Structures are given as structure tokens and as C-alpha cells.
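In this text, all values refer to a predicted model and were calculated from it rather than measured experimentally.
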Amino acid sequence: DVECGEELETLQEGAFNYCPKLKRIALPLKRNMIGDRVFIECPMLAKVDLVGGVHNTVASLHLESWRRKMNKEINRINQTLPNLQEGKKTPKIQQWMGSVIDRLDRY
């Protein structure tokens, strides 16, 4: 497992390439922080957790339906990731992070 701090700004191409035992990574939620081909040959990577204040932000949303939708969106990656083919994990994580940020911006 890898736990990145909230101060992390970017993960550049190749940062976690060929890490066959990597199962989980915790990252801050930041737009465009993950470069291309960051998680190549990481077949065991099945869980991404978010660090920092995002969970407090979600908990403070006024409507229960918004909180429920945000938690569902945050957890979606962990349902999708284990079934992805090689080479698809990085773009899926990039897309997911953008989607979470976009939803937070709307609420």
C-alpha cells in the first residue's frame, strides 16, 4: 500500500510502473495530478482512497441525497478498478478524479 500526503502535487508518468504487488493507493483529490501511464503493470491495484479534507466536505453537504451521491461516486473506482485490463487503470483513475471534482463543484 502507498499513502500519499495531501501536499502531493503530481504523479508523473511511470511513477508506479511495474509494481505488481501494489494493491492500494491513497491520494489527494486534485485535478490533473496524475500523469499518463502512471499505473502500468500494476495488476493487483484494486483500491484508491482519497486523503485530505474531501470526506469532511462531503459530510458537510446540506442534502442527504447529495452526500449519498458523492459517497457513491467516490467509491465507484473501487468497484471498477479490479476488473480493468492492463493499461486502463491510469485513464480510469484520471477520469474518476475529474468526475468527483466536477460533482463537488456542482454541489
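Atom OH of Y107 and atom OG of S65 lie 7.0 Å apart (nearest 0.5 Å). The CZ atom of R24 sits 9.5 Å away from the CG atom of N78 when rounded to the nearest 0.5 Å. Taking CG of N17 as the start and CD of E13 as the end, the distance is 7.5 Å to the nearest 0.5 Å. Taking CD1 from I101 and CE from M33, the interatomic distance works out to 9.5 Å, rounded to the nearest 0.5 Å.
In terms of modelled atom types and a separation under 3.5 Å, the side chain of Q94 and the main chain of G35 share a donor-acceptor contact. Side-chain atoms of K30 come within 3.5 Å of backbone atoms of L8 as a donor-acceptor pair (strictly under, hydrogens ignored). Put simply, the side chain of T57 gets close to the backbone of G53: a donor and an acceptor are under 3.5 Å apart. Formation of a donor-acceptor pair under 3.5 Å by the W66 side chain with backbone atoms of V58 is not found in this model.
Between R103 and S99, some side-chain heavy-atom pair lies under the 4.5 Å cut-off. Two residues are said to be in side-chain contact when any heavy atoms from C-beta on lie closer than 4.5 Å; E6 and L27 fail this criterion. Using a 4.5 Å heavy-atom cutoff, the side chains of E41 and C19 are not in contact. M97 is listed as a side-chain neighbour of L29, based on a closest heavy-atom distance under 4.5 Å. Under the 4.5 Å side-chain criterion, counting only non-hydrogen atoms from C-beta, D36 is not in contact with T90. Counting heavy atoms from C-beta on, the side chains of L104 and V54 come closer than 4.5 Å. At least one side-chain heavy atom of F39 sits less than 4.5 Å from a side-chain heavy atom of L11. Taking the side chain as every heavy atom from C-beta outward, H62 and R67 never approach each other to under 4.5 Å.
Closest of all the heavy-atom pairs between L22 and C42 is CD2-SG, 4.4 Å. Between K92 and T80, the shortest heavy-atom contact is CE-CG2, 4.0 Å. Nearest heavy atom pair, residue V38 against residue Q12, reads CG2-O, 3.6 Å. Shortest non-hydrogen contact noted between L45 and K89 is O-NZ, 2.8 Å. The two residues V51 and A26 make their nearest non-hydrogen contact at CG1-CB, 3.6 Å.
Under the 4.5 Å side-chain heavy-atom criterion for grouping Ile, Leu, Val, Met, Phe, Trp and Tyr, V48 is connected to V2 within one hydrophobic cluster. Under the 4.5 Å side-chain heavy-atom criterion for grouping Ile, Leu, Val, Met, Phe, Trp and Tyr, M70 is connected to L63 within one hydrophobic cluster. One hydrophobic cluster, built from ILVMFWY side chains closer than 4.5 Å, cannot hold both I34 and I40; they sit in different ones.
E64 CD: more than 12 foreign heavy atoms inside a 6.0 Å radius.
Using a cutoff of 4.0 Å between basic side-chain nitrogens and carboxylate oxygens, D102 and R31 are scored as salt-bridged. Between K47 and D49 there is a salt bridge, with a side-chain nitrogen of the basic residue lying less than 4.0 Å from a carboxylate oxygen of the acidic one.
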